[in-house]
Trainee: 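Right, I'll just put the structure down here and ask away after.
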Amino acid sequence: MTQEAKLKVVCFFAHPDDEAFGSGGTLAELVLKGHHVTTVCATNGDVGEISDPSLATRENLWKVRQNELRSAMEITGVPDVRFLGYRDSGMDGTEDNNNPASLYQSEPADVENRITSIINELKPNLILTHDPTGGYGHPDHLTVHRRVTSVVNSMNSDRPYLYYVCFPKSNFRKLWQQMTDAGITPPFAKEQLENIGSPDDYVTTVRDVSNYVDVKKASLNCHQTQLDPTGPFSKMAPESLSEWMSTEYFYLTTPSSKASQHDILLNLS
Ligand SMILES: [Zn+2]
């Protein structure tokens, strides 16, 4: 690919806001540098807690969260936002896993057909999605990871660069310690630390996105129904939060020959 050629990027995530913390800076940079970005969200995030009951009802939450993602992407500069239309499956082991409309209950072939049709239409040369741990193991993150990976692996030609968005284990440990030292109750228990996040040596690509932290924060702020003003991240000192948001981590998986030659996200122009 020449320096001038623009990338066609498609990111596949499970819920509105999954794009924000782990890849929002990279998406903003891609857009700023003239690359074409599409965000695809597999569910409408219609099961999670509603931070403020004045913002949405259980019935219209799906629509409100779709609009929040559209607003977030407008700030990031992503013009194309799509939804695969599944219902959020909720956390592992909850009743929402059993809803027939949920991503959890979907037929793999059905999910893959929807992903394939977007790939056939947009012909991306770079795809971003969840890593094999799903960050913290949410069943929808794992489903999106598996289905996107399966579709890309089945492509015979024009296979795109496939990147997984990673959250390194050591960061979860440091974040837990930093919050605890500051008197903030972390969003995960100490006993969970061994089971969440990607192994540090799994990460292939570490990106400094400090120039995009303001955009990233403004974009994240659009997910109002998911922002808890009394939650642990709201209690953090703004400069600490900025520091955590300044670096993004990825694993470049396919095609492996491309990985050994060059890492396109590390050489963005
Ligand atoms: Zn999610």
Side-chain angles (χ1 to χ4, degrees), residues 10-27 38-51 55-56 58 61-73 76 78 81-97 99 101-106 111 114-115 127-149 163-169 171-172 175 186-188 192 195-198 216-217 219-228 231-234 244-245 248-251:
V10 178
C11 48
F12 290 96
F13 292 113
H15 311 108
D17 97 336
D18 286 342
E19 81 294 343
F21 211 90
S23 62
T26 295
L27 297 182
T38 296
T39 296
V40 181
C41 195
T43 79
N44 303 317
D46 30 14
V47 162
E49 297 287 312
I50 304 172
S51 65
L55 296 172
R58 266 292 142 212
L61 184 60
W62 68 274
K63 212 186 282 184
V64 173
R65 290 217 162 139
Q66 282 196 346
N67 284 334
E68 287 176 345
L69 180 59
R70 290 190 188 98
S71 303
M73 289 299 90
T76 305
V78 174
V81 180
R82 304 182 186 203
F83 296 87
L84 296 187
Y86 294 102
R87 188 175 190 272
D88 184 349
S89 311
M91 297 298 282
D92 207 10
T94 60
E95 187 52 37
D96 290 303
N97 294 176
N99 190 303
S102 68
L103 184 60
Y104 195 80
Q105 293 293 336
S106 61
V111 184
R114 296 185 200 198
I115 292 168
I127 288 178
L128 296 177
T129 193
H130 296 280
D131 85 334
T133 72
Y136 57 96
H138 191 294
D140 289 339
H141 297 186
L142 300 177
T143 299
V144 172
H145 162 78
R146 288 174 187 144
R147 303 283 68 85
V148 170
T149 302
Y163 283 91
Y164 297 148
V165 178
C166 300
F167 296 92
K169 259 184 194 308
N171 279 9
F172 279 110
L175 184 63
F188 36 86
Q192 286 176 282
N195 302 319
I196 55 177
S198 328
K216 200 171 165 175
K217 281 188 174 178
S219 179
L220 185 62
N221 204 37
C222 292
H223 295 288
Q224 281 291 319
T225 57
Q226 303 203 58
L227 296 177
D228 178 0
F233 290 101
S234 305
W244 281 110
M245 293 177 86
E248 292 175 352
Y249 306 84
F250 302 89
Y251 173 79

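Side-chain atoms are counted along with the backbone in the values below, which use heavy atoms only and exclude waters and symmetry mates. Order of appearance sets the numbers: ligands from 1, and atoms from 1 within every ligand.
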Trainee: Is the distance from the Zn ion (ligand 1) to the nearest N/O/S atom of D140 under 2.8 Å?
Mentor: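 Checking the Zn ion (ligand 1) against D140, no N, O or S atom falls under 2.8 Å.
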
Trainee: Which atom, counting only N, O or S, brings H15 closest to the Zn ion (ligand 1)?
Mentor: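 It is ND1, the N, O or S atom of H15 closest to the Zn ion (ligand 1).
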
Trainee: With the Zn ion (ligand 1) as the reference point, give the N/O/S atom of D18 that is nearest.
Mentor: OD1

Trainee: Among residues at least two apart in sequence or on other chains, which ones pass side chain to side chain donor-acceptor pair (under 3.5 Å) with S102?
Mentor: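 Per chain and number, S102 pairs via side chain to side chain donor-acceptor pair (under 3.5 Å) with no residue.
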
Trainee: Step through it carefully: locate the ring centre of H145, locate the ring centre of F12, and say whether they are under 6.0 Å apart.
Mentor: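 No - the distance between ring centres of H145 and F12 does not fall below the 6.0 Å cut-off.
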
Trainee: Counting backbone and side chain alike, does H138 bring an N/O/S atom below 2.8 Å of the Zn ion (ligand 1)?
Mentor: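 Looking at H138, which is the residue asked about, there is no N, O or S atom under 2.8 Å from the Zn ion (ligand 1).
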
Trainee: If you take the centroid of each ring, where Trp contributes its six-membered ring, are H130 and H138 closer together than 6.0 Å?
Mentor: no

Trainee: Can you list everything that forms a salt bridge (charged side-chain N to carboxylate O under 4.0 Å, His left out) with R87? Sequence neighbours excluded, please.
Mentor: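 If we apply the salt bridge (charged side-chain N to carboxylate O under 4.0 Å, His left out) test to R87, skipping adjacent residues, the hits are D96.
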
